[in-house]
Amino acid sequence: MKTSITSLFLGAAACAAVIAPAATAKEPAKQETIILAQAYKPPMRGAPSTRVGGGSRSAGFNLRLNVLAPSETGYTLQDKPTIYWFASEAIDSPVELTVTSTESLRAASKPLFEITLKPPLAKGVHALRLAEHGVTLKPDVEYQWFVAVVRNPAQRSNDVLAGGTIKRVSADPAVQSRLKQTAQTQWPGVYAEAGIWYDAIDQLSKQISADRNNRQLREQRAALLEQVGLREAAAFDRGAGT
């Protein structure tokens with residue numbers, strides 16, 4: 001068996017000196033740090049869509065489920081990446097997460113990793129840290145991953161399902177050089193511009209976790225999510241804390 005960082009531009013303002021009578025000195029206003037991020041550039045434009053998103057509407061149940069992934073296969077440089085998914089509402093059913101290799105038919109016949117999260121689960125963005133479960137992705141192998149809300153274990157056709165694909169790739173020397181020369185707060189932009197989706201989302205999400213009231217960070221993630229069509233997750237980021 002699953003989702004929204006991007007262009008914030010800082011306009012330059014010209015300052016004019018004003019001659020005025022001496023006045024009581026005021027404390028300089030604090031300037032908020034602006035973290036710039038580049039637009040996400042898919043590594044393979046026109047690649048087939050592999051992302052699926054789920055939703056369910058019924059009496060007392062209205063859920064939209066997404067993996068925070070591009071429509072095509074997303075890249076990572078990490079052997080044990082963190083992947084993210086979004087729920088539009090709180091979940092009171094078990095949630096099953098699976099990761100499956102497509103390296104061979106034999107590998108695809110059984111999940112590489114499977115875990116069931118017990119309810120309740122809050123609405124919003126959730127993380128699955130593969131490192132915490134000892135899951136390692138092989139280089140240049142595509143993996144499918146899915147999030148399923150199991151509403152009725154006896155009728156799995158009623159599951160609300162979302163999924164995407166991920167591939168571990170080698171870092172381009174130019175990307176490695178940019179990362180070494182760039183402050184870590186700017187890494188999401190470096191990854192996004194290089195087409196390394198999962199690492200861009202992960203770096204931004206870590207910054208958000210460390211500074212939950214920072215509206216600019218949430219705006220960046222929302223903008224990135226919108227670029228790949230994850231509008232519900234983007235709207236949640238923009239509305240969080242309001």
Side-chain angles (χ1 to χ4, degrees), residues 1-4 44 47-56 61 63-169 196-202 205-206 209 225 228-230 232-233 236:
M1 297 201 345
K2 10 166 203 64
T3 209
S4 210
M44 296 180 64
S49 178
T50 57
R51 186 181 71 202
V52 295
S56 179
F61 188 81
L63 174 68
R64 187 69 190 171
L65 192 68
N66 294 113
V67 293
L68 300 195
S71 60
E72 70 286 343
T73 298
Y75 287 0
T76 179
L77 303 182
Q78 313 306 314
D79 61 345
K80 299 179 180 68
T82 298
I83 50 184
Y84 295 84
W85 55 281
F86 167 76
S88 64
E89 302 294 337
I91 300 173
D92 59 3
S93 301
V95 175
E96 203 172 82
L97 294 97
T98 63
V99 179
T100 303
S101 170
T102 65
E103 185 177 18
S104 65
L105 289 175
R106 182 177 180 181
S109 66
K110 183 179 179 181
L112 171 69
F113 170 75
E114 187 170 14
I115 189 172
T116 299
L117 307 179
K118 295 181 179 180
L121 294 166
K123 74 175 183 179
V125 175
H126 297 263
L128 174 62
R129 298 173 178 84
L130 297 186
E132 293 181 355
H133 303 281
V135 179
T136 302
L137 305 186
K138 294 181 180 180
D140 301 316
V141 174
E142 190 172 284
Y143 293 81
Q144 296 176 322
W145 65 285
F146 294 92
V147 181
V149 177
V150 184
R151 300 193 63 199
N152 184 347
Q155 292 185 315
R156 295 302 301 269
S157 60
N158 291 335
D159 286 5
V160 181
L161 179 71
T165 50
I166 183 171
K167 185 177 182 180
R168 176 187 167 195
V169 297
I196 312 298
W197 170 270
Y198 284 99
D199 298 355
I201 280 288
D202 184 37
S205 297
K206 286 177 178 176
S209 294
L225 294 171
V228 296
L230 296 173
E232 292 94 344
F236 170 81

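Values in this document were obtained by computation on a predicted structure and should not be read as measured data. Residues: numbered from 1 along the sequence shown. In what follows, every heavy atom counts, from backbone to side chain, and hydrogens, waters and symmetry copies are set aside.
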query = Looking at residues at least two apart in the chain, or sitting in another chain, which of them share a side chain to side chain donor-acceptor pair (under 3.5 Å) with D79?
reply = none
Expected output: side-chain N66 to main-chain A233 donor-acceptor under 3.5 Å = no
task = For the residue pair I83 and T76, establish whether any side-chain heavy-atom pair is separated by less than 4.5 Å.
result = no
note = To the nearest 0.5 Å, atom CZ of R51 lies from atom CH2 of W145 at 10.5 Å
inquiry  = Test of understanding: with salt bridge (charged side-chain N to carboxylate O under 4.0 Å, His left out), list the residues that count as partners of R168, not counting sequence neighbours.
reply    = none
Spacing of NZ belonging to K123 relative to CZ belonging to F236, to within rounding of 0.5 Å = 6.5 Å
task = List for me each residue that meets side chain to side chain contact (heavy atoms under 4.5 Å, CB included) alongside P94, sequence neighbours excluded, and say none if there are none.
result = T116, P119
Which pairs of donor and acceptor atoms, one on a side chain in residues 135-142, lie under 3.5 Å apart (sequence neighbours left out)?
from: T136; atom 1: OG1; to: K80; atom 2: NZ; distance (Å): 3.2
from: K138; atom 1: NZ; to: E103; atom 2: OE1; distance (Å): 3.1
from: E142; atom 1: OE1; to: T73; atom 2: OG1; distance (Å): 2.8

What side-chain donor-acceptor pairs closer than 3.5 Å can you find for residues 106-113, not counting sequence neighbours?
from: S109; atom 1: OG; to: R106; atom 2: O; distance (Å): 2.6

Show me, pair by pair, the donor-acceptor contacts under 3.5 angstrom made by side chains of residues 124-133, not counting sequence neighbours?
from: H126; atom 1: NE2; to: A122; atom 2: O; distance (Å): 2.6

Gap separating the CD1 atom of I91 from the CZ atom of R151, nearest 0.5 angstrom = 11.0 Å
remark   = Residues at least two apart in sequence or cross-chain that pass side chain to side chain contact (heavy atoms under 4.5 Å, CB included) with S49, listed by chain then number, are S71
Residue of the set T50, I166, V52, T102 for which side chain to side chain contact (heavy atoms under 4.5 Å, CB included) holds with Q144 = T102
Partners passing salt bridge (charged side-chain N to carboxylate O under 4.0 Å, His left out) against E72 (at least two apart in sequence or in another chain) = none
query = Which pair of heavy atoms, one from W197 and one from G74, lies closest together, and at what distance?
reply = CB-CA, 4.5 Å
remark   = Scanning both residues in full, the closest heavy-atom pair of G53 with A162 reads CA-CB, 4.1 Å
key: side-chain contact (heavy atoms from CB on, under 4.5 Å) assessment of I196 paired with V169   = CA-CA 9 Å; I196 312 298; V169 297; 4.2 Å; yes
inquiry  = If you compare all heavy atoms of M44 against all heavy atoms of Y75, which two are closest, and at what distance to 0.1 Å?
reply    = SD-OH, 3.6 Å
message = Working to the nearest 0.5 angstrom, can you tell me the gap between R156 CZ and E96 CD?
response = 4.5 Å
note = Hits for side chain to side chain donor-acceptor pair (under 3.5 Å) against Y143, two or more places apart or cross-chain, chain-then-number order -> none
key: Side-chain donor-acceptor contact under 3.5 Å, D202 with Y84   = yes
